[in-house]
Protein chains: 4
Amino acid sequence: MLIITQPAVTGAQIDHIVGRVEEFGLKAEVLRGSHRVVIGVIGPEDLIREKPLAAIPGVESVFAVMKPYKLVAPNGAAPPPVRIGGVPIGTGQKVVLISGPCSVESKEQLLSIAISVKNAGARVLRGGAFKPRTSPYSFQGLGEDGLRFLAETRAETGLPIITEIMDTRDLAVIEKYADCLQIGARNMQNFSLLKEVGRSRLPVLLKRGLSATINELLMSAEYILSEGNPNVLLCERGIRTYETMTRSTLDLNAVPILKAKTRLPVVVDPTHGIGLRDYIPQMALAAVAAGADALMIEVHDDPERARSDGDQALVPEVFQDLVRRIRAVAAAVGRDV
Amino acid sequence: MLIITQPAVTGAQIDHIVGRVEEFGLKAEVLRGSHRVVIGVIGPEDLIREKPLAAIPGVESVFAVMKPYKLVAPNGAAPPPVRIGGVPIGTGQKVVLISGPCSVESKEQLLSIAISVKNAGARVLRGGAFKPRTSPYSFQGLGEDGLRFLAETRAETGLPIITEIMDTRDLAVIEKYADCLQIGARNMQNFSLLKEVGRSRLPVLLKRGLSATINELLMSAEYILSEGNPNVLLCERGIRTYETMTRSTLDLNAVPILKAKTRLPVVVDPTHGIGLRDYIPQMALAAVAAGADALMIEVHDDPERARSDGDQALVPEVFQDLVRRIRAVAAAVGRDV
Amino acid sequence: MLIITQPAVTGAQIDHIVGRVEEFGLKAEVLRGSHRVVIGVIGPEDLIREKPLAAIPGVESVFAVMKPYKLVAPNGAAPPPVRIGGVPIGTGQKVVLISGPCSVESKEQLLSIAISVKNAGARVLRGGAFKPRTSPYSFQGLGEDGLRFLAETRAETGLPIITEIMDTRDLAVIEKYADCLQIGARNMQNFSLLKEVGRSRLPVLLKRGLSATINELLMSAEYILSEGNPNVLLCERGIRTYETMTRSTLDLNAVPILKAKTRLPVVVDPTHGIGLRDYIPQMALAAVAAGADALMIEVHDDPERARSDGDQALVPEVFQDLVRRIRAVAAAVGRDV
Amino acid sequence: MLIITQPAVTGAQIDHIVGRVEEFGLKAEVLRGSHRVVIGVIGPEDLIREKPLAAIPGVESVFAVMKPYKLVAPNGAAPPPVRIGGVPIGTGQKVVLISGPCSVESKEQLLSIAISVKNAGARVLRGGAFKPRTSPYSFQGLGEDGLRFLAETRAETGLPIITEIMDTRDLAVIEKYADCLQIGARNMQNFSLLKEVGRSRLPVLLKRGLSATINELLMSAEYILSEGNPNVLLCERGIRTYETMTRSTLDLNAVPILKAKTRLPVVVDPTHGIGLRDYIPQMALAAVAAGADALMIEVHDDPERARSDGDQALVPEVFQDLVRRIRAVAAAVGRDV
């Protein structure tokens, strides 16, 4: 940690800062420049971060040299893939396709879509049973019935299932059915929920919040790992910017950065990311070229009657064609589907 | 709801759109312009919103004429104030000061600060017992001990207390102690939590999310009201923008807009909003001039040793001086503290 | 144009609105919903846009149905490519590589880099002679000397050249040397400059402003076309968001949207877009997968001594390797370099 | 300047960094922490900034300790006010009101509005003759005729005039008429224009760009001062955020920060800032409470027929009432109008 002092800092203030740093059990090293004094604070970074160094008189700003996350960072060893059911994600070779409807609406709907996407090449089935909706008057999901339909569809198709958890109290029931827990963008900093899924035996797909920095995404993943669950997938799903022509701004810049800064697989969700059906395929291809380990794409076989997000679902034929193009781009970057 | 059709829409597509609208039990009215056809959809707005109209072929975009919230909107009657303990907020006359430390650290710390802020003019005490922290390695709050200290301090000072709830499972214990529940910015779209506090008898201070639009804030308030709890206070606490010199960008534009669009009192938190101790007073004064019903300002008597946010806490003497200036600005806009 | 009236609009106000619309020489059509009245305004869209309809009492908001741009929009015919020197961009087949240093520093530096990038596969040379710099104390470019070095390098390598124009007064001198004019992000809404280059015989590469919406980018292109110059290339180069880990957020979402909404070729600049040398290759590949017609990538042979942006320049060997990978992804999406 | 090295930096890389720093004529001081090595670079800050230190192998990031601006910063002496005609702005005592129409439309319109705003308390007249418009098809201003009307209105009312300059070639003609030059938000980083007005004898009102950081605003002011013109007014006029309910987000946080970081007077433009007529008064009052030295507010006597921005102009009666309220808030913060 580096303390930048104010231009007019006095000798007494510097002594006070150094004293305070030492009172905290840390070591201080004073570096005098031509116009400013900088004080390096040396010691365990976690301890340093806890201290309100910027509150000390004479301090202008505090600059963290070390990253605040540890468990999610590369550690030299090859990062193991995260398995959803029997499907490994993050092998470096495979680009895994996760697909299915936004919401589980009925057994028939789900099974029909699951068969289509499986035939097209998807290896994991998604579907929401508990739905986070901006409005209390919107469809809130089928709840445990939806979970049951997911499990039955897994039994018939062999596809492992991923579904969203919104409430710490729902973990037990969702664990009975699901292969992977999803934390939605709006709950990325629901720290109680992060701790709870950190104690689950299931892997967790953690979506980046609408205005979460990459650092904050990593800190939220760190919450899960610090509770003992190492199986976290990071998902870029679009951030909020000033642009209104797209639903969100899919931030593909995050893909190579996350690959470099963490040991965790990176999933891209172009459906919510750009949110416009016509442009989802191009963004899916771009995500593969940027290095994504998996894609999550919503498919519906009757979008005009979908109970949520019908306007951004791909129909099965379009998805099938897209998978063909994804295979080509994956091959171009040395991977396969 | 207005459906804007694509420039090349065909007659058959228009017929299909109209048919779909009627299948949904709604009425369609076709308006032909010189270059575009617009279809007005008439009927219960909630029903209309549920339908994926934008997924119908030939539709370019869908434009909502009505606001999606109802309960939070003005309804002609004078909105009643929301009471925290015995203190009414939103009377139109009083500007209420809510103050206290970021975190409850000990009984002594809390009581000492509570006495200072009460003497300066604060009428509600704040203090966090369950703390949402970006890092799992940071101080997470004292939990129920913190709640107990708050209740004891209320007994000694008479100040009602507000404290944050982060988990649906904590409602029962927090309700035993608190006078008002706070939902933090990161949980503004934690819909399970919103529903849960919507069933509480306590008022709820709802903080605007870091990248929440004003509409989304109102929809989150609507969740609480729709569960039966009418006592919601809306809190502007800074939004996330590209500017890095401030911690957040306190969006005072929201104050007059929220006052116009809702029946709910508006609270401003300049501490987190600008996040720089030296500039909190000016933002507090500006908030009063903009029409805020209450201010929430953090105070600490030993910021250099605070366990959270020490660098943005005001010391008691500065707070006392600020209250004097707030009284003057409040009087200038026809109110008092 | 649609006028949404206020909930409490009176009959007299509706009459006044209709009267005003007719006074402007336009036609009004009143559509009554169950809760709101909407007034369609029919007539020449340009004329309608000029009128301050939202200023009329009883109007809540005004909603434009038509796009505000015309010349840049698709018109049914296949859009002709834009030629820089002899190199056509936007053929649908070729992905053109534009490369070179950020600033022209000397004849030797420029020629050496030009030869490298040409050998690697670049077909257009970039280099700044007039440099927009945030600080007045930074290197401002070599001016006309830089232009001369560019022209000499063209003579020796055969690569046509693109360089930035910052001032209307510089057009004559730049036209003497350059094959394509670049308008930088900070001048995207310098309307005097747009009009001036609209009267040039040279093509114009127009960079998206740091916080420009896609619509605003198109309106700025419309300025150039409306002055008679049809040869405009649109360049996505990163937008400003709250994320600080990257220099900008390269918005690849803009690529498929611009391809759909305009007749103009789309160029992507991953160098400024992500601004971190290590991640430029992945973003370049993603841009090709998303459908870019050309890429602009900065290369420097001695980045540690570069006079601007050395920290984001690729060295020639990395660029050469990148071109190889670009070829593979281009082939995967049915194109070539 | 501080160089943070990568975790895996080698001794040879550190030697190379130190060598490079010394080759640049600077001094390097190595600070070894428990996990990282930091290298302080000591010497003239301008020289340091020019060097691409981040491009050197082994460097992770570079952190500037000193501010990049000099002339705009406080220098110990009391900053002199900037005079528009005979009206001083930035005295610390007066809050100056600048008002008038968005565009000069005719002599009659301008004179009528000027008389109203003068009677209400405005001391400077604004009006656009050269108009920056998003669309080439919108009204572009009356040009020199507009300037003439401004000068005639000054002669009749005594109000000094401020008007926008968009093109370096227009300086001579505008200087013949105006008392103050305005640089619009979209030209805040039009560096050619900044240099040109830096050579003018007239004061310059510099508007913050739509996505300009406070630091960038100061660097643009630095351009003007570095050319010899010390008379710059900084204007906060709203920034671009994700919020769409307001035209821009008026960032009042900038007011106390600019007052602390510079010697220059701070003007707030609530008209463009929030862009909604009904809420401009509250934002004007808040700006005064936050410490603004002047306000710029648009007034029109027939907004329904205004040629630009009619929907955000105040009518004279509302402005008059607002001035009364501004006087009260100004008095509450120890100032007057």
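Residue numbering restarts at 1 for every chain, and letters A, B, ... go by the order of the sequence lines.
Contacts between B:T244 and chain C at a heavy-atom distance below 4.5 Å involve the side chain alone, from C-beta outward. For a residue to count as touching a neighbouring chain, one of its non-hydrogen atoms must lie under 4.5 Å from one of that chain's; by this rule B:V65 touches chain C with backbone and side chain alike.
C:F63 contributes atom CZ, which lies 4.5 Å from atom CD1 of B:I4 (distance to the nearest 0.5 angstrom). Taking CZ of B:R240 as the start and CD of C:E243 as the end, the distance is 9.0 Å to the nearest 0.5 Å.
Taking every heavy atom of both residues into account, C:E29 and B:R32 meet most closely at OE1-O, 4.3 Å.
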Let me see the working for C:L31 and B:L2 under side-chain contact (heavy atoms from CB on, under 4.5 Å), right down to the final yes or no.
-> CA-CA 11 Å; C:L31 172 72; B:L2 297 171; 4.0 Å; yes
